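Data block below; observations after.
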Amino acid sequence: MRLDGEITEIDDVKEAEIEKEVNSISNSDSLSITLGFAQQVVVGYALTAKKKESFLQPKFELIARTKGIVFVPIDHTRPLSDQGPFDVILHKVGQPLPFAIQLHIPALGFLLILHLEEGIGGHLTFLETRQSAYVDDLKEAKGKIAAAMFISLLCHGSTVFILLLILCSFQLMGNEWSRLLEDYRLKHPDVTVLDPPYAIKCVHNRQSMLEDVAALNLANCHGRVCVPTQLVVKNDASSISSEVAKAGLKLPLVAKPLFVDGSAKSHQLFLAYDKVSLSKLEPPLVLQEFVNHGGVMFKVYVVGDAIKVVRRFSLPDVCKRELSKHAGVFQFPRVSGAAASADEADLDPGVAELPPRPLLERLVGELRNRMESSLNHEWPHPGYGASFISTPDLGGANLQFLEGTLVIEFKYP
Ligand SMILES: Nc1ncnc2c1ncn2[C@@H]1O[C@H](COP(=O)(O)OP(=O)(O)OP(=O)(O)O)[C@@H](O)[C@H]1O
Ligand SMILES: O=P(O)(O)O[C@H]1[C@H](O)[C@@H](O)[C@H](OP(=O)(O)O)[C@@H](OP(=O)(O)O)[C@H]1O
């Protein structure tokens with residue numbers, strides 16, 4: 001059953017047209033189609049293997065070619081200025097390291113965390129340093145890394161120092177990508193970088209991602225948008241229980257990695273039922289109160305003025321009376337992926353009701369204003385995705401904002 005009131009501009013008719021277009025060209029020479037264009041748009045891409053697989057699907061590349069858009073891979077090991085020319089650079093690299101090295105990092109990191117935590121009481125874990133190297137300014141990261149290395153030399157001698165040195169150089173390579181890209185962007189202002197590293201810094205961290213939304217005032221907009229009550233725990237797992245009590249957070253809690261870098265690990269979520277088990281969680285984390293939402297959530301995708309809302313199945317409600325029967329911390333799978341579509345499901349209208357259009361339009365407008373002012377220029381076609389759940393017992397329009405997945409900038413060449 002399809003419920004009325006879908007907010008969509010990319011409707012079924014358009015999807016069917018695209019399908020038809022792909023079918024009609026799939027047997028023809030797609031390259032010659034591209035060459036038919038007076039001017040091509042060359043998109044250089046630097047993506048994780050996961051992102052390449054999900055995003056750069058053959059069908060999509062084919063449609064792009066028919067529109068004169070070609071995708072070419074960027075080689076990390078060669079200077080950017082030796083490659084191209086590009087009209088657009090699309091990037092999401094997480095940690096741009098060879099696969100074999102990536103596998104060694106958790107093992108080395110674990111060893112070093114053990115040593116460092118012994119030596120300095122857990123205040124400066126290498127894990128924290130590692131994440132800072134990715135999300136913070138290089139300057140700040142370098143300071144922390146230098147401090148960690150100095151302490152390791154004092155406390156643990158040369159073996160740990162050398163291991164740390166190797167690990168740091170790999171981690172700085174991750175940050176190096178942001179620096180190279182920023183240099184390239186400044187030297188080539190005609191190339192659109194999706195997105196400039198400084199502009200997407202806030203969406204690499206679930207705390208800063210939600211801050212802007214929490215600060216929005218959407219009074220008189222057919223409802224409100226807010227963030228579940230939450231707490232950020234950066235370091236010490238043993239103090240989680242007391243911090244949760246101090247902040248007055250009610251169980252059960254959803255635990256999410258604080259940093260989101262596009263890796264599968266950054267989407268690994270846990271449900272914690274009791275206080276004692278909270279110490280099993282691994283900071284840095286965001287802990288959110290579990291909000292009952294009838295087992296259905298909404299994904300809102302925005303490109304410019306187009307808004308598309310889809311329904312997905314989600315976690316079932318947790319009954320407060322049943323809570324005492326559960327204990328422990330459980331990892332839950334990616335419950336609301338594309339395969340969990342609830343658009344065709346026969347849902348209780350109370351949970352299926354879509355967020356009111358005026359509320360979404362106002363939210364999108366407010367977010368755009370904030371992004372424009374933080375980027376200091378106009379955004380003709382901003383695009384992003386966001387997850388929402390609604391709390392039917394408070395009225396369908398009481399939305400909880402969960403995540404802003406991606407912020408991209410569109411500038412047509
Ligand atoms: N506070 C919460 N209360 C109830 N359910 C929640 C809460 N936070 C998350 N969930 C459930 O977990 C799912 C994933 O949450 P979230 O969107 O924060 O994670 P994510 O890794 O960023 O997911 P994605 O990138 O796929 O959107 C949600 O779709 C929802 O089903
Ligand atoms: O397909 P939807 O329901 O829109 O969910 C997306 C998430 O919201 C994104 O955060 C995922 O991208 P990253 O894993 O790169 O953050 C993205 O990962 P993917 O590109 O590997 O599929 C999706 O899981």
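Counting convention: from 1, in listed order, for ligands and their atoms alike. We number each residue from 1, following the sequence as shown. In this text, all values refer to a predicted model and were calculated from it rather than measured experimentally.
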Using a strict cut-off of 4.0 Å, indicate which atoms of ligand 1 neighbour a heavy atom of [X].
X	answer
Leu269	12 (O), 14 (C), 15 (O), 19 (O)
Val335	13 (C), 31 (O)
Lys299	24 (P), 26 (O), 27 (O)
Lys256	8 (N), 9 (C), 16 (P), 18 (O)
His267	20 (P), 21 (O), 25 (O)
Ser387	17 (O), 27 (O)
Glu289	1 (N), 2 (C), 3 (N)
His293	4 (C), 5 (N)

Would you call [X]-[Y] a salt bridge at under 4.0 Å N-O?
X	Y	answer
Glu366	Arg362	yes
Lys246	Glu243	no
Lys325	Glu322	yes

With a cut-off of 4.0 Å, which atoms of ligand 2 are near a heavy atom of [X]?
X	result
Gly262	13 (P), 14 (O), 15 (O), 16 (O)
Tyr301	2 (P), 3 (O), 4 (O)
Lys92	13 (P), 15 (O), 16 (O)
Ser54	19 (P), 20 (O), 21 (O), 22 (O)

Residue selection (non-hydrogen contact nearest atom 2 (C) of ligand 1) among Leu271, Leu210, Leu287, Val254: Val254
Look at atom 4 (C) of ligand 1 and find which of Val291, Val260, Val296 reaches it with the closest heavy atom.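 Comparing heavy atoms across Val291, Val260, Val296, the nearest one to atom 4 (C) of ligand 1 lies in Val291.
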Check whether any side-chain heavy atom of [X] lies under 4.5 Å from a side-chain heavy atom of [Y], and answer yes or no.
X	Y	value
Asn205	Leu258	yes
Phe71	Leu90	yes
Leu210	Gln207	no

Check this for me: Lys250, atom NZ, are more than 12 non-hydrogen atoms of other residues, nucleotides or ligands nearer than 6.0 Å?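 12 or below, so no.
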Kindly check if the number of other-residue, nucleotide or ligand heavy atoms within 6.0 Å of CD (Gln331) is above 12?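 For Gln331, atom CD is crowded (more than 12 foreign heavy atoms under 6.0 Å).
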Proximity of Asn292 to ligand 1 by residue part, where a heavy atom lies under 4.0 Å: neither
Audit row: Phe298, Leu354, side chain to side chain contact (heavy atoms under 4.5 Å, CB included) steps and yes/no: CA-CA 8 Å; Phe298 305 102; Leu354 289 170; 3.7 Å; yes
Quick one: does Arg206 get a heavy atom under 4.0 Å from ligand 1?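 Arg206: in contact with ligand 1 (<4.0 Å).
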Starting from the C-alpha separation in whole Å, work towards a yes-or-no answer on side chain to side chain contact (heavy atoms under 4.5 Å, CB included) for Tyr273 and Leu253. CA-CA 7 Å; Tyr273 282 102; Leu253 298 176; over 6 Å; no
Among Arg311, Lys299, Lys308, which residue satisfies the salt bridge (charged side-chain N to carboxylate O under 4.0 Å, His left out) criterion with Asp343? Arg311
Are any of the N/O atoms in Ser314 less than 3.5 Å from those in ligand 1? yes
Can a non-hydrogen atom of Glu53 be found less than 4.0 Å from any atom of ligand 2? no
